Amino acid sequence: MALILSVLEQGLIYAVMGLGVYITYKILDFPDLTVDGSFPMGAAIACVLIAGGMPPVLTLPVCFVAGAFVGMLTGLIHVKLHVRDLLSGIIMMTALYTVNLRIAGKANLPIYNQETIYDNPLTNRIFTGALQPFKTVAVIFVITAAVKLLLDWYLRTQSGLLLRAVGDNDTIVTSLGVDKGLVKVVGLSVANGLVTLGGCMFAQQQRFFDISVGTGTVVIGLASVIIGTSLFRKITVWKVTTSVVIGSLIYKGCVALAIRVGLSSGDLKLITAALFLAILVLGTERKKKVKTDADAAEHNKTL
C-alpha cells in the first residue's frame with residue numbers, strides 16, 4: 001500500500017509538470033529546457049515562503065506567477081532577441097540555477113516542522129483514523145484535477161485556440177493579424193507556470209528544497225507526455241491532458257517497480273534514460289507503421 005500511495009503522490013505531482021511540458025513539446029513544438037530550472041524554483045519559493053510564515057495554500061498561486069514570469073523571459077529571448085528555441089531554454093535554465101540559490105539562500109532548505117498544503121489543521125481534521133495515510137494523495141489529486149480542468153478550459157478559449165494554431169501552422173495565425181511571437185510567449189508562460197506549480201507541490205510533499213531536484217525534469221515530463229499520448233492515442237473518450245496524467249503515473253510506476261525488484265536508487269537516472277529511449281523508439285516505429293499503412297491504402301485506391 002505504501003508503494004502504491006508513493007507512486008500516486010509522485011505521479012500526480014509530476015503530472016502537473018507534465019502538463020506544462022505538453023504545452024511546449026506537443027502544442028508549441030518548442031524544446032524548452034527552462035523546466036529544469038523552473039521546477040526547482042517552485043520548490044525554492046515554496047520553502048522560503050512557508051519558512052517565513054506564509055500560509056501554504058498561498059504558495060501555489062505565487063509559484064505559478066513566478067514560473068509564468070520565467071516562461072515569459074524565455075519567450076522574449078526567443079522572439080525579441082531572435083535566439084533559437086533550444087538555446088533560449090538553456091540560457092534561462094543556466095540563469096535559474098543561480099537564481100534558485102539566491103532565493104533559498106543555500107543549496108538545501110528543509111521545512112520539516114512547518115505546515116504544508118498536505119499537513120495542516122484542516123487536513124488533519126478531515127483525514128483522521130484510517131483515512132490519515134490518504135490525506136497527501138487526496139490533496140494532490142484535487143489540485144492536479146483542478147489544474148487539468150482549468151487547462152482544458154483554457155485550451156478552448158480564444159487564446160488557447162491561437163496557441164494550438166501556432167503549433168500546427170503559425171502562418172494561419174499571422175494571416176489572422178495576430179502576433180505569433182506573442183502567442184508563443186503566452187504559451188511558454190502558462191507552461192512554466194504549471195512546471196513551477198509542480199515544483200511547489202513537490203517541495204511540500206518532500207518537505208525540503210534541494211538545488212538538484214530539477215535535474216532531468218524535462219526528461220520526466222517528456223516521458224509522461226510520450227507514454228500517455230502514445231498508449232492512449234486512439235481513445236477519444238477523454239482529453240489528451242488525461243493521457244498525460246496517466247502517462248506520468250505509468251512512468252512513476254515503472255521506476256518504482258524497477259527499484260522494488262532490486263535496482264539501486266543510484267540507478268534511477270539510468271532507468272529513466274533507458275525507459276525514455278524505449279518509449280521514443282516504440283513511438284517512432286508506430287509512426288512508421290501508420291505511415292506505411294496509409295501509403296499502402298492510398299496505393300490500393302489508385303489501383
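Please read all numbers here as calculations on a predicted model, not as lab measurements.
- Looking only at distances, a side-chain donor or acceptor of T74 sits under 3.5 Å from a matching main-chain atom of V70.
- Nearest heavy atom pair, residue V213 against residue A43, reads CG2-CB, 4.5 Å.
- At least one side-chain heavy atom of L163 sits under 4.5 Å from a side-chain heavy atom of L28.
- In this structure, OG1 on T241 lies 8.0 Å from CG on L149, to the nearest 0.5 angstrom.
- Here OH of Y118 is found 4.5 Å from CE of M201. Values are rounded to the nearest 0.5 Å.
- Nearest heavy atom pair, residue L249 against residue L12, reads CD2-N, 3.9 Å.
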**OP:** Test V183 against D179 for side-chain contact (heavy atoms from CB on, under 4.5 Å), laying out the working first.
**Re:** CA-CA 7 Å; V183 176; D179 183 358; over 6 Å; no
Original post:
When you look at H78 and R84, which way does the side-chain contact (heavy atoms from CB on, under 4.5 Å) test go after all the steps?
Top reply: CA-CA 6 Å; H78 171 62; R84 292 184 61 182; 5.6 Å; no
**OP:** Determine, step by step, whether M17 and I220 satisfy the side-chain contact (heavy atoms from CB on, under 4.5 Å) criterion, reporting the C-alpha distance in whole Å, the side-chain angles of both residues, the deciding distance to 0.1 Å, and the verdict.
**Re:** CA-CA 9 Å; M17 179 272 297; I220 297 174; 4.0 Å; yes
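- A heavy-atom distance below 4.5 Å is not found between the side chains of I45 and T59.
- A heavy-atom distance below 4.5 Å is not found between the side chains of T196 and F64.
- Taking CG of L109 as the start and SG of C47 as the end, the distance is 5.0 Å to the nearest 0.5 Å.
- Applying the ring pair (Phe, Tyr, Trp, His ring centres under 6.0 Å) criterion to F202, with sequence neighbours excluded, gives Y14, F39.
- A donor and an acceptor atom, one from each side chain of N192 and T34, are nowhere located under 3.5 Å apart.
- Follow the hydrophobic side-chain contacts under 4.5 Å out from L87 and you reach M72 in the same cluster.
- Taking the side chain as every heavy atom from C-beta outward, V166 and L162 never approach each other to under 4.5 Å.
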**OP:** Could you go through the side-chain contact (heavy atoms from CB on, under 4.5 Å) check for S159 and Y154 one step at a time?
**Re:** CA-CA 7 Å; S159 176; Y154 170 71; 2.7 Å; yes
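- Annotation for D29: atom CG does not count as buried by contact number, only 12 or fewer foreign heavy atoms lying within 6.0 Å.
- Of the possible polar contacts, none joining the Q204 side chain to the T116 backbone as a donor-acceptor pair under 3.5 Å is found.
- Checking side-chain atoms of R164 against main-chain N and O of L155 turns up a donor-acceptor pair under 3.5 Å.
- S224 places no side-chain N or O within 3.5 Å of a backbone atom of G18 that could act as its donor or acceptor partner.
- Using a 4.5 Å heavy-atom threshold, the side chains of K252 and E9 count as separate.
- For P56 against I117, the heavy-atom pair with the smallest separation is CB-N, 3.5 Å.
- Of the possible donor and acceptor atoms, none in the side chain of S6 sits under 3.5 Å from a partner among the backbone N and O of L3.
- Expressed to the nearest 0.5 Å, how far CG of D85 lies from OG1 of T24 amounts to 10.5 Å.
- I4 and F141 fall within the same hydrophobic cluster, defined by Ile, Leu, Val, Met, Phe, Trp and Tyr side-chain heavy atoms under 4.5 Å apart, directly or through other members.
- Counting heavy atoms from C-beta on, the side chains of V186 and S189 never come closer than 4.5 Å.
- One N or O on the side chain of S88 and one on the backbone of V83 form a donor-acceptor pair closer than 3.5 Å.
- Here the closest heavy-atom approach between residue V218 and residue D36 is recorded as N-OD1, 2.9 Å.
- Hydrophobic clustering (ILVMFWY, side-chain heavy atoms < 4.5 Å, transitive): L60 and V137 are in one cluster.
- Both L101 and L49 sit in one connected hydrophobic cluster of ILVMFWY residues. Membership requires side-chain heavy atoms under 4.5 Å apart, directly or through other members.
- The closest donor-acceptor contact from the side chain of S38 to the backbone of V195 lies at 3.5 Å or more, if one exists at all.
- The hydrophobic cluster containing I103 also contains F209, counting ILVMFWY residues as joined when their side-chain heavy atoms lie under 4.5 angstrom apart, directly or transitively.
- To the nearest 0.5 Å, atoms CG (L33) and OG1 (T94) are separated by 9.0 Å.
- Smallest separation of non-hydrogen atoms from V245 and A15: CA-CB, 3.9 Å.
- For the atom pair L58 CG and I50 CD1, the distance stands at 10.0 Å (nearest 0.5 Å).
- We find that R156 and D152 are not joined by a salt bridge, their nearest charged nitrogen and carboxylate oxygen being 4.0 Å or further apart.
- Contact between F127 and A138 at its shortest, heavy atoms only, is CZ-CB, 3.5 Å.
- Legend: residues meeting salt bridge (charged side-chain N to carboxylate O under 4.0 Å, His left out) with D119, ordered by chain and number and at least two apart, are K135, R207.
- The one candidate from L8, L197, I143, I140 that meets the side-chain contact (heavy atoms from CB on, under 4.5 Å) condition with I13 is I140.
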